[in-house]
Amino acid sequence: MAGQSCYTSNESTQALLELSYLCTFPMAVKAAIVLKVPDILSAESTPLTAKQIADRIPGTATSEAKLERLLLALSTYGLFAVSGSNPRTYSLTPMSRLLAKEENGLSLSSMFLLNTETSHLETLQHLHEAVLEEGVVPFEKAYGQPVFQYFAQNTQMGGIFHSAMSNLSVILMKSVLKNYDGFKDVKVLVDVGGGTGLNCSMIKAVYPHISAINFDMSFVIAKAAKMPGIEHRGGSMFESVPTGGDAILLKTVLHNWDDTGCGRLLSNCYSALASAGKLVIIECLLAEETDMSSRSRLVASFDLAMMTVFKGGKERTATQFQNLVESTGFKDFKVAVYGDVLSVMEAYKI
């Protein structure tokens, strides 16, 4: 039952103390990334001891004993597999394999670097102020300017952010395309807020018959490379959306905006689509009823992150998305695929 404790008194104390130290572990993962532990283990075909890993860490002498403590701590969260006892050996797990760079440089390590940066931690110090005052955006409270303006001026942080978002997008989009086949009958796809064209490129790799229009702000489109079968267009989605598509894609766009902003955007999408056109929305879905699953905790974390960075930004339930979409004229809303992270929703202009 929602709200009912599942802990005894002693378990509650233990759970609360663990929660109080929870920020330690993302920093511990960051330490392992900076020390290149995932890449070192990925390069080997057999498990390594702490000493063998330490010997492979570039730079000055490494403390084998402290490295062992770090590895053991992270193994309690499933980051590394531990074998033997004297000496112990360590290897990657499916989770930590995502932190090791693939041949194309893809990994989720940049997500940890982003979420453990000083700017992120400083922003969270103002979380309570967003609750006390409607107009407060914690990031802007901490740094005096909107997040993307800050990233534009601080190129190192901007680079980490764009690397994290790009790598995460590729990994999650691969999963979407594996489980969702709703693009198979699309002839012309308009990707609204599509950045430099990554979504269109990945969709066309699976469905090469599609012609795509990648639409974003002009300064974003200016950085987009030429891609066969993809037309880049610049403009404001709150003014208009390109016409000519029989499907419009909104991938992780709506969670940046409040209901009013989403309504304006969805109305523009409705106007741009031909009759019987399809709207495809890819977003995280909040659970209709709160539970303690890891998926619910993850999406709740995303929701708090949106609250700290964007004015009005938030994650939504399927019902909330349905209400938004249908209020602008779309019909036949459904969740086509429930994903572990991203889910796919559809609606039609009828």
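Throughout, residue positions are numbered sequentially from 1 according to the sequence presented.
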Verify side chain to side chain contact (heavy atoms under 4.5 Å, CB included) between L74 and L70, making sure each step is shown before the conclusion. CA-CA 6 Å; L74 292 175; L70 179 67; 4.3 Å; yes
Go through the steps for F80 and V37 under the test side chain to side chain contact (heavy atoms under 4.5 Å, CB included), then give the verdict. CA-CA 10 Å; F80 300 109; V37 173; 3.7 Å; yes
Any donor-acceptor N/O pair, [X] side chain to [Y] backbone, under 3.5 Å:
{"X": "S166", "Y": "S163", "value": "no"}
{"X": "K51", "Y": "E64", "value": "no"}
{"X": "R264", "Y": "T260", "value": "no"}
{"X": "T116", "Y": "F112", "value": "yes"}
{"X": "D39", "Y": "K101", "value": "yes"}
{"X": "D332", "Y": "Y348", "value": "no"}
{"X": "N214", "Y": "G195", "value": "yes"}
{"X": "H209", "Y": "V186", "value": "yes"}
{"X": "H255", "Y": "D303", "value": "no"}
{"X": "N268", "Y": "M237", "value": "yes"}

Nearest-0.5 Å distance that lies between atom [atom1] in [X] and atom [atom2] in [Y]:
{"X": "E346", "Y": "K334", "atom1": "CD", "atom2": "NZ", "result": "5.0 Å"}
{"X": "M345", "Y": "Y338", "atom1": "CE", "atom2": "OH", "result": "9.0 Å"}
{"X": "L249", "Y": "F215", "atom1": "CG", "atom2": "CZ", "result": "13.5 Å"}
{"X": "N115", "Y": "S110", "atom1": "CG", "atom2": "OG", "result": "9.5 Å"}
{"X": "Q320", "Y": "E288", "atom1": "CD", "atom2": "CD", "result": "7.5 Å"}
{"X": "C269", "Y": "L279", "atom1": "SG", "atom2": "CG", "result": "6.0 Å"}

side-chain contact (heavy atoms from CB on, under 4.5 Å) involving N179 - partner list, sequence neighbours excluded: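 N179: side-chain contact (heavy atoms from CB on, under 4.5 Å) contacts with S175, V337.
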If you look at every heavy atom in [X] and [Y], which pair is closest and at what distance?
{"X": "V190", "Y": "P242", "value": "CG2-O, 4.0 Å"}
{"X": "A347", "Y": "F330", "value": "CB-CB, 3.9 Å"}
{"X": "M307", "Y": "P138", "value": "O-CD, 3.4 Å"}
{"X": "V335", "Y": "A318", "value": "CG2-CB, 3.8 Å"}
{"X": "A212", "Y": "K204", "value": "CB-CD, 4.4 Å"}

Going by an N to O cut-off under 4.0 Å, is there a salt bridge joining R316 and E283?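 A salt bridge is absent here (no side-chain N lies under 4.0 Å from a carboxylate O).
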Does the pair E140/K311 count as a salt bridge with the N-to-O cut at 4.0 Å?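 Looking at K311 together with E140, the answer is no, because their closest N to O distance does not fall below 4.0 Å.
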Is it the case that over 12 heavy atoms from other parts of the model lie below 6.0 angstrom from the [atom1] atom of [X]?
{"X": "K36", "atom1": "NZ", "answer": "no"}
{"X": "Q153", "atom1": "CD", "answer": "yes"}
{"X": "D258", "atom1": "CG", "answer": "yes"}

Side-chain heavy atoms under 4.5 angstrom apart, residues restricted to Ile, Leu, Val, Met, Phe, Trp, Tyr: same cluster for [X] and [Y]?
{"X": "V220", "Y": "V309", "value": "no"}
{"X": "L304", "Y": "W257", "value": "no"}
{"X": "M306", "Y": "M165", "value": "yes"}
{"X": "I53", "Y": "V29", "value": "yes"}

If we only count heavy atoms from C-beta on, is the [X] to [Y] side-chain gap below 4.5 Å?
{"X": "V280", "Y": "Y180", "result": "yes"}
{"X": "T308", "Y": "H120", "result": "no"}
{"X": "H232", "Y": "D216", "result": "no"}
{"X": "R295", "Y": "L285", "result": "yes"}
{"X": "V82", "Y": "Y90", "result": "yes"}
{"X": "R56", "Y": "E44", "result": "yes"}
{"X": "L121", "Y": "Q125", "result": "no"}
{"X": "K30", "Y": "L113", "result": "yes"}

Should the pair Y143 and Y150 be assigned to parallel (<30°), tilted (30 to 60°) or perpendicular (>60°) ring geometry?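 Answer is tilted, since the angle falls between 30° and 60°.
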Whether F310 and F148 hold their rings parallel, tilted or perpendicular, with breakpoints at 30° and 60°: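 Ring orientation, 0 to 90° scale: tilted.
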Would E129 and H126 count as a side chain to side chain donor-acceptor pair (under 3.5 Å) if you check the C-alpha gap in whole Å, the side-chain angles of each, and the deciding distance to 0.1 Å? CA-CA 5 Å; E129 296 179 55; H126 299 275; 2.7 Å; yes
Applying side chain to side chain contact (heavy atoms under 4.5 Å, CB included), run through S107 and L98 and close with a yes or a no. CA-CA 5 Å; S107 85; L98 294 169; over 6 Å; no
Evaluation steps, side chain to side chain contact (heavy atoms under 4.5 Å, CB included), between R88 and L72: CA-CA 10 Å; R88 299 182 186 91; L72 284 173; 3.7 Å; yes
Do K349's NZ or CZ and the ring of Y270 fall within the cation-pi criteria of under 6.0 Å and 45°?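 Yes - K349 lies over the ring of Y270, closer than 6.0 Å to its centre and within 45° of its axis.
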